[in-house]
Structures are given as structure tokens and as C-alpha cells.
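What follows is a single structure, written as C-alpha cells, with notes after it.
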Protein chains: 2
Amino acid sequence: MTDIVLPQKQSGTSSSREKGLFLRRQELRRAIELLFFAYRDFTYEADELLSDLDLGRAHHRVIYFVGRQPGITVSDLLAILHITKQSLSRVLSHLIDENYIIQETGPRDRRQRLLHLTDKGASLEKKLTDLQCNRFARAYSDRGIDAVDGFQQILTSLLDDDTRSHLRAVHPDRID
Amino acid sequence: MTDIVLPQKQSGTSSSREKGLFLRRQELRRAIELLFFAYRDFTYEADELLSDLDLGRAHHRVIYFVGRQPGITVSDLLAILHITKQSLSRVLSHLIDENYIIQETGPRDRRQRLLHLTDKGASLEKKLTDLQCNRFARAYSDRGIDAVDGFQQILTSLLDDDTRSHLRAVHPDRID
DNA sequence: ATTATCGGTCAACATGACTGACATAGTTTT
DNA sequence: AAAACTATGTCAGTCATGTTGACCGATAAT
């Protein structure tokens, strides 16, 4: 599909002509816009479902990551979400009050509160994740595995180093 | 690099074995997380610069799209941002008060207010866009043009149909 | 002349972020 | 055992950014 020579990591080796193929200002602005619109459209369906239940995107994130890693501690959740404990507390307390999440005391360190989804929480998590998985499944199968690979590579390169380390740790089957 | 048969649009034709290669739940959750973290890290640097100037991400969006399309109308901006005119008004008024943006009356339709960046606005827009372009330029040159192509294909497939139409219109050089 | 559109404004409200100070329980260090 | 540190929670106040609903003036379209 594309048969031009690829610039390699040493940017000095690629001619300005090669660079122009995908490093021009216009092409980079296209990337910015694509990411903005894709993120907006991607979250829209889930946001709608959440607002029916008087929940917001912040609740979604908590439910998602607790479902992703049952027994996660509050500290670990804070590190993932990059928000303050006061912000998390409001959302988390509400989810506990409404019986989406339960806490249990850490068996080794009794200060910790290990978080788990209830059946109600797991059911909602599944609905929300299904919506987003379906969108990706459509995109992935429309475009094929080479596109998927490129997509994951570029997004991985956009990450901060510490985020990349975190993701490598929680997706051990993947290289990158 | 990848030599398996790709599942095509008709999902019935791909075996569960093929699907397992990139449509498994775990792989799709990886996509969700990658998008979440990439968006978060991608916006971080610009957010920092903005907060030094007592501006927020909403101001950034307005400045970006006015810089992208000088003379854009308020209506068009509303359609792009998917927010209410009251929300836009607060942000836009502030940007006009602080001399980042000027309005001029539409020459054909005098009801319209055509928006332009001032020198001050253009200077800020350049700084912000440079930050984000640099991040993409690094990712793009690290991973090469095939990855870029895949990245753009998948993001394009994630969009709602009307967003895709809009992007096609404003990036006429691109196929997709 | 009527109606519709573009843009702006006032008021009230919700969400989800922030800072700073402080509290309580439990763990670790000295 | 005492002191220091850590995990978590809470109170109080603030800010940014979104929402709804009502209404207005200027202008354009019918």
C-alpha cells in the first residue's frame, strides 16, 4: 500500500522530501484533529448511558479500572487516574453508596481498602465496555491487523515514559 | 510482518481463531486503555502552558480551530466543538477581552461574526500546536509511515459518520 | 410584513477537577 | 514503647466547563 522508504529513528538520515510525506505541519494538524474527534466520538455512547444513571465519566473510569483489576487499592487507582484523593473520594463514595463497588480491608496491610465491583457494578461495567469494545471491534475488523498494529505503535509512542512502563506491566503479553 | 488472512467486513466469514488475533476482549481493552492514556498524556503539556496564562482546555480548542480556519463563524465553531453557545460565549468573550481573538462583521451576512487570531493569539496558538505537533512528529518518525497510515485508518473508523464527513471536507487531500 | 437565523446575554445549576488542613487507623523505624 | 511514616477519609472552599431555559437585537429570507 505504501512503498516509499521509511525514515528510521535517526532523523538526520531522512531527507526533507521524505519527512514532508508525513511530518508536514498539515499532516500533524490532521493527527491532532483526528485524536480530538475520535476521543470525543468514542466516549459519547458511554456518556449517554451513564447520564441515564446519574453517573459521569469520572465514575466510568473508576468502574472500568476496578473491573480491570479487582482488588486494586485506592493508591493505585489514584496513580492511574492522575487525580487527587479528594476528587476520587467523591466519586468512589457515591459508587459505594449506590452499591456499584464494595471495599474490603487488605489482608496483609489493614490500612488498604481493596476495591471490587458488585454484581450491579460488574453488569454496568460490561455494558459500558461492550459499547467501547464494539466500536473498536468494528474499526479493527474494517481496517485489518496491519492498521491495528500501526495504531497501537503510534499511540504507544505518544505516551509519557512512565505511562508506557505501566502499560507494559499490565499487558505483559505485548512487546512494544 | 503480519501474514495472516484479515477478517473482512462480513464478521461471519472470519473464524474464531482469526478473530482471536486482535478482536479478543483483552486486546480491545488494551485499545481502550491506550486511547485513554494517550489522550491524557497528549494534552498534558499544553494544559500546563495554558494554566500559566489562566486559560483552560476550552480556550485551547477555540484558539486551535480559529487558527485552523481564520474567519470561521460562531455557528461553525459550535458545530465543531459540540458545546452550547452559552459555554462557548464565556470562553470566547474572555479570549476577545484578553486580545487573543478579534471579531469582524461578515461581509455578505452582517449577522455573522468572523473570528480571527490576533498576533498575541497566533503566537500562543503556535506554541500550543508546536507542543502537540512535536509529540506526534516524534511518534510518527519513531514508527514510520506504515504505522502512521494504520493509526489514521483506525482513528478514522472510530469516528461517527458525520464527523468523518466533516474531516474529509477540511482535509481534502486525504482519501479515507 | 412576517418569519427565521445568527449571535449574545442573564440566571441557575451540575460535574469534576483543584488546594489546604486535619483526622484516624495501622505499619515501620528507631 | 515511642516516633515517624503511610493509607485513607473528610471538611471547606474554589474554579473551569459543561448544561437548560428564557429572552433580545440585528439581519436575512420568504
Side-chain angles (χ1 to χ4, degrees), chain A residues 36 39-40 43-44 46-66 71-98 101-116, chain B residues 36 39-40 43-44 46-66 71-98 101-116:
Chain A
F36 167 69
Y39 194 80
R40 188 194 65 182
T43 53
Y44 182 75
D47 285 348
E48 269 189 324
L49 173 51
L50 287 159
S51 84
D52 292 342
L53 302 170
D54 290 305
L55 300 174
R57 203 179 287 182
H59 302 91
H60 185 184
R61 290 179 190 135
V62 171
I63 286 174
Y64 178 87
F65 284 108
V66 171
I72 192 174
T73 64
V74 173
S75 300
D76 286 350
L77 205 44
L78 287 174
I80 286 173
L81 298 175
H82 285 190
I83 57 174
T84 59
K85 63 177 176 176
Q86 295 91 328
S87 292
L88 176 56
S89 178
R90 195 187 324 101
V91 173
L92 185 53
S93 301
H94 185 228
L95 290 172
I96 290 166
D97 288 349
E98 298 290 329
I101 285 181
I102 47 169
Q103 297 177 312
E104 64 181 28
T105 301
R108 283 183 287 210
D109 186 335
R110 292 169 45 79
R111 289 172 303 183
Q112 295 181 329
R113 298 285 171 268
L114 309 187
L115 306 175
H116 298 267
Chain B
F36 168 69
Y39 194 80
R40 188 195 65 183
T43 53
Y44 183 75
D47 286 348
E48 268 189 324
L49 173 51
L50 287 159
S51 84
D52 292 343
L53 303 170
D54 290 304
L55 300 175
R57 203 178 287 183
H59 303 91
H60 185 183
R61 289 178 191 137
V62 172
I63 286 174
Y64 178 88
F65 284 108
V66 171
I72 192 174
T73 63
V74 173
S75 300
D76 286 349
L77 205 44
L78 287 174
I80 286 173
L81 297 175
H82 286 189
I83 58 175
T84 59
K85 64 176 176 176
Q86 294 90 329
S87 292
L88 175 58
S89 180
R90 196 185 317 106
V91 173
L92 185 54
S93 301
H94 184 228
L95 290 172
I96 290 166
D97 289 349
E98 298 291 328
I101 286 181
I102 48 169
Q103 297 176 311
E104 65 180 29
T105 301
R108 283 183 288 212
D109 186 336
R110 293 170 44 80
R111 290 171 303 181
Q112 295 180 330
R113 299 285 171 267
L114 309 187
L115 305 175
H116 298 268

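In what follows, chains are A, B, ... by sequence order, proteins preceding strands, each numbered from 1.
- Whole-Å rounding puts the A:Arg111 CZ to D:dT6 C1' distance at 4 Å.
- Comparing C:dC6, C:dG8, D:dG9 against the side chain of B:Ser75 picks out C:dC6 as the nearest.
- Distance CG (A:Leu78) to P (C:dG16): 16 Å, rounded to an integer number of Å.
- With contacts defined as side-chain heavy-atom distances shorter than 4.5 Å, the pair A:His82/B:Tyr44 does not qualify.
- Listed pair B:Arg61 / D:dG18 meets the phosphate criterion, a side-chain N or O lying under 4.0 Å from OP1 or OP2.
- When the C1' atom of D:dC15 is taken as reference, atom NE2 of B:His94 falls 13 Å away, rounded to whole Å.
- Rounded to an integer number of Å, the gap from A:Arg40 CZ to D:dT17 P is 18 Å.
- When side chains are defined from C-beta on, B:Ile96 does not count as touching B:Ile102, because their heavy atoms never get closer than 4.5 Å.
- Nearest nucleotide to the side chain of A:Gln103, out of C:dG16, D:dG9, D:dT19: D:dG9.
- Of the residues in residues 79-88 of chain A, those placing a heavy atom less than 4.0 Å from an atom of DNA chain C are A:His82, A:Ile83, A:Thr84, A:Gln86, A:Ser87, in numerical order.
- Atom CG in B:Leu95 sits about 17 Å away from atom P in C:dG7, given to the nearest Å.
- When the P atom of D:dA7 is taken as reference, atom CG of A:Leu77 falls 14 Å away, rounded to whole Å.
- Only at 4.0 angstrom or more do the heavy atoms of residues 48-59 of chain B sit from any atom of DNA chain C, so none qualifies.
- A:Thr105 places none of its side-chain heavy atoms less than 4.5 Å from the side chain of A:Gln112.
- Inter-residue side-chain proximity for A:Leu115 and A:Leu92 is flagged as met; some heavy-atom pair is nearer than 4.5 Å.
- For the OP1/OP2 pair of C:dG26 and a distance below 4.0 Å, the side-chain nitrogens and oxygens of A:Arg110 include at least one atom meeting the criterion.
- Summarising the geometry, atom CD1 belonging to A:Ile80 is positioned 9.0 Å from atom CZ belonging to B:Arg40; distances are rounded to the nearest 0.5 Å.
- A donor and an acceptor atom sit less than 3.5 Å apart, one in the side chain of B:Arg90 and one in the base of D:dG18.
- The closest side-chain heavy-atom distance from B:Thr73 to B:Asp109 is not below 4.5 Å.
- To the nearest 0.5 angstrom, B:Gln86 atom CD is 9.0 Å from B:Leu78 atom CG.
- A:Asp109 has its CG atom 8 Å from the P atom of D:dT8, to the nearest Å.
- Listed nucleotides D:dT27, D:dA7, C:dG7 differ in distance to B:Gln112; the shortest reach to its side chain belongs to C:dG7.
- Other residues, nucleotides and ligands contribute over 12 non-hydrogen atoms within 6.0 Å of the CZ atom of A:Arg57.
- The closest donor-acceptor contact from the side chain of A:His94 to the backbone of A:Val91 lies at 3.5 Å or more, if one exists at all.
- Side-chain contact between B:Leu50 and B:Asp47: present, with at least one pair of heavy atoms (C-beta onward) separated by less than 4.5 Å.
- Atom-to-atom, CD1 of A:Ile96 to C1' of D:dT10 comes out at 14 Å; the value is rounded to the nearest Å.
- Among the nucleotides D:dA28, D:dT10, C:dG8, the one closest to the side chain of A:Ser89 is D:dT10.
- Remark: the B:Arg108 side chain and the D:dA28 base include no donor-acceptor N/O pair separated by less than 3.5 Å.
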